[in-house]
Structures are given as structure tokens and as C-alpha cells.
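Have a look at the structure below before the remarks.
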Amino acid sequence: MNGDYLTRFLIHEQRKSPNATGEFTMLLSDIATACKAIAHEVNRGALAGNLGIAGSENIQGEAQKKLDVIANDLFIRSLEWTGHLAAMASEENDEIIPIPPAHAKGKYLICFDPLDGSSNIDINLTVGTIFSILRAPEGRDNPTEADFLQPGTQQVAAGFCTYGPTTLMVLTTGNGVNGFTLDRDVGEFVLTHPNMRIPEETSEFAVNMSNQRYWEEPVRRYIDECLKGKDGGREKNFNMRWVASMVAEVYRILTRGGIFMYPYDTRDVNKPGRLRLMYEANPMSFIVEQAGGASSTGRRRILDIEPNGIHQRVPVILGSKAEVERVVSYHR
Ligand SMILES: O=P(O)(O)OC[C@H]1O[C@](O)(COP(=O)(O)O)[C@@H](O)[C@@H]1O
Ligand SMILES: [Mg+2]
Ligand SMILES: [Mg+2]
């Protein structure tokens, strides 16, 4: 019910499955607590010396920001003792993160991007956290990377939190998409955006135009037509947005529709895209599809991809169904 606290909403959802043990509810609630802690550090910014680079690099070859490392540590420390996880995987860790032997283990795996949109931290723009939850294979005490490599259709939940003008958590457990705003006075997420739906039609696209010369023909054609609008083959004019934070782009699309693209580019054949499948493309695709949108590489549904590594990159085209299907049709 609108205005419900997240915990109450989760328990309400839990009651719909008679065999539920409550473990899932508690895990989601612990994730919300971790996001509150990250929101606090993001919000403190320069006051706490949290801006700037950390002086280290991650497996992607990216210079880590201080808040990438702070958010990563906070997320791991908040979740490793909960007893609901068998192992974790993070954008900022080369390998799988095991649960320390001293802590109880659970039946879920989590993949996460502790801080999405890192290039926007020092310029005070919206950043966020993205997560995807999978089941661990039964009886597997120490899951390996291979145990994480499940197609996105196997996700049991996915969500993201945005740290912007307000702190918002968007969540799906496969039963629609709901948005919760953090009430800082109470310290609780409150259901403010029940049953979010993406409009089928849109006239707003988001892509990093500076990469245009590396795109394949179908994407060039689509963006060209959007830029020409009514003066070209399209029946309407288009507006453009690019925030450089996937969390902010997807939240905009959940709110008013749109198409977001980080397509295949020819710069490096070993790097078919910028965004990572396990902790960016899969969770966002689950949310987008649950809200009535579509998500594709241009050639196939992202949620059907059989992953080949936890840091695998894929092309991403997601958002309002009609536009995504148009781009996909140009690839046929
Ligand atoms: O810098 P670019 O090419 O505009 O890319 C922006 C994209 O990269 C990202 O920042 C990658 O995520 P991280 O910040 O977690 O590495 C996305 O959020 C965003 O959509
Ligand atoms: Mg990211
Ligand atoms: Mg990140």
C-alpha cells in the first residue's frame, strides 16, 4: 500500500508465498540498510574527504574513485554476516567474494555495482548502487565463479538505489516494479512509486553521441532518424538526454519512458560494450521488462544470454518497447 515502509511491504509480499522462510525478506532489508549507509557517505562528499580518486585500479582497468571503494566495503561488510548469502561478486573485486568462515551462509548469491555513474561523483550528479540476486546451487558450501554464471532469467530479485536529490530504491522480485523514497527523518524507505510502468511510446533517446563513429549501421540509422525527427522518416521529433549514470537514465525511463543505449562499438572486438552483464545489464533488464519495457543487445534479449564471466560486457539497448523493437528490427 502506498506509504508503506519497505520492510512492511516485503513482509506483505512474503506472505503471498506460503513456503517463504523470511530469509529473502531479510536479505532485501539488509541490502536497503547497506544502501542507506552508502547514501550517507555520498551525501557527506567533501565534508568527509570522500571525493576524488582512490589511487587504485579495478579489473576493468578503471581508476577507482574513493567512493567506489567506500561503497564496495560498506556493501560487503553489511552483507557478509547476514547469513543469507553463499557468496558475492562486485564490479570492484576481480574474483568472487567468499563469505568469511566465521559467518553463517545462506542460499543466495549477489552481484553488485557498488557505485554506478562514478564519473559523476565529483561533479555532484546522481550516482547509485545496482544489485542482482540469484540462487546458489543447493549444498554448495563454497560457490565458484561458475555458479554465478546463470542467465538473467534466473534472477530472483533485482534493484537499484539512486543517490540524488532524494535517495530512491527501485525493486523487483518478479512481481512488478516498486519505488521507495528514503525518509531521512525516520531512516526508512517508504513506498512512494507503486507498480511503475514504462510507457510503450517515447520521443526521448539517451546515447553517448561521442562514440557515434564506432557504432554499427543499424544504430547509426536509428539515431540518425531520431535526430532528423519529422524532417526525416520518423513521425515525431525526439529529445536527447545523457547523464552518464545508468541508474539515473533507467529511473528517468521508468518515470516518463525513453530509450537508453550503450550499443556495440567497433573500438575493441574483445569489448562488445561498456556495461557489464552481471551487475548492470541483467538487473536493469529484469526491472525494465517487469515494468513493461524491453531490453536487448540489438540482436538478442539480454536476459537470455548465457554469461561467460562475472565481468563480461554486453551491448545494451533498453526502455520503451516500441523503440527498442524498432532498433532490433534494424539489426535483422
Ligand atoms: O562515460 P560514458 O561513456 O558516458 O559512460 C557512462 C556509463 O558508464 C557508467 O558510469 C558505468 O558504470 P560505473 O560508473 O559503475 O563504472 C554507467 O553508469 C553510465 O551509463
Ligand atoms: Mg556501473
Ligand atoms: Mg560502478
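All heavy atoms count here, side chains included; hydrogens, waters and symmetry mates do not. Every number for a ligand or one of its atoms is a count from 1 in the order of the listing. This chain uses plain numbering: 1 for the first residue, then up along the sequence.
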Query raised in the report: With under 30° as parallel and over 60° as perpendicular, where do the rings of Y108 and F24 fit, or are they tilted in between?
Result: tilted

Requested in this report: Answer whether the closest heavy-atom distance between the side chains of I130 and M284 falls below 4.5 Å.
Outcome: yes

**Report entry** Centroid separation F260 to W242 less than 6.0 Å
**Finding:** yes

Query raised in the report: Between F131 and Y279, does a ring pair (Phe, Tyr, Trp, His ring centres under 6.0 Å) hold up when you go through it step by step?
Result: CA-CA 6 Å; F131 61 90; Y279 40 80; over 10 Å; no

Query raised in the report: Do you know which N/O/S atom name in E280 is closest to the Mg ion (ligand 2)?
Result: OE2

Requested in this report: Sequence neighbours left out, what pairs pass salt bridge (Lys or Arg N to Asp or Glu O under 4.0 Å) with at least one residue falling in residues 280-290?
Outcome: R276-E280, E289-R301

Just list the N/O pairs, ligand 1 to protein, that are under 3.5 Å apart, with the distance for each.
from, atom 1, to, atom 2, distance (Å)
ligand 1, 3 (O), N208, ND2, 3.2
ligand 1, 3 (O), Y262, OH, 2.5
ligand 1, 4 (O), N208, ND2, 3.1
ligand 1, 4 (O), W242, NE1, 2.9
ligand 1, 8 (O), R274, NH2, 3.3
ligand 1, 12 (O), D116, OD1, 3.0
ligand 1, 12 (O), R276, NH2, 3.4
ligand 1, 12 (O), E280, OE2, 3.1
ligand 1, 14 (O), G117, N, 2.9
ligand 1, 14 (O), S118, N, 2.9
ligand 1, 14 (O), S118, OG, 3.3
ligand 1, 15 (O), E91, OE1, 3.1
ligand 1, 15 (O), D113, OD1, 3.3
ligand 1, 15 (O), D113, OD2, 2.9
ligand 1, 15 (O), L115, O, 3.2
ligand 1, 15 (O), D116, OD1, 3.4
ligand 1, 16 (O), E91, OE2, 3.0
ligand 1, 16 (O), R276, NH2, 3.0
ligand 1, 18 (O), D116, OD1, 2.8
ligand 1, 18 (O), D116, OD2, 3.1
ligand 1, 18 (O), M246, N, 2.8
ligand 1, 20 (O), M246, N, 3.4

Report summary line: Ignoring waters, protein N/O/S atoms under 2.8 Å from the Mg ion (ligand 3) are E91 OE1, D113 OD1, L115 O

Query - Qualifying residue, where the test is side chain to side chain donor-acceptor pair (under 3.5 Å) with T25 and the options are H84, Q14, R15 - result: Q14

Report task. Give a yes or no on whether R267 atom CZ has more than 12 heavy-atom contacts from other residues, nucleotides or ligands under 6.0 Å away. Result -> yes

Query raised in the report: Where do N58 and Q64 land on the side chain to side chain donor-acceptor pair (under 3.5 Å) test, with the steps shown first?
Result: CA-CA 6 Å; N58 64 19; Q64 292 176 308; 5.9 Å; no

Query raised in the report: More than 12 foreign heavy atoms under 6.0 Å from CD of Q60: is that the case here?
Result: yes

N/O donor-acceptor pairs under 3.5 Å from side chains in residues 173-181, not counting sequence neighbours:
from, atom 1, to, atom 2, distance (Å)
N175, ND2, E13, OE1, 3.0
N178, OD1, N195, N, 2.9
T181, OG1, T192, OG1, 2.7

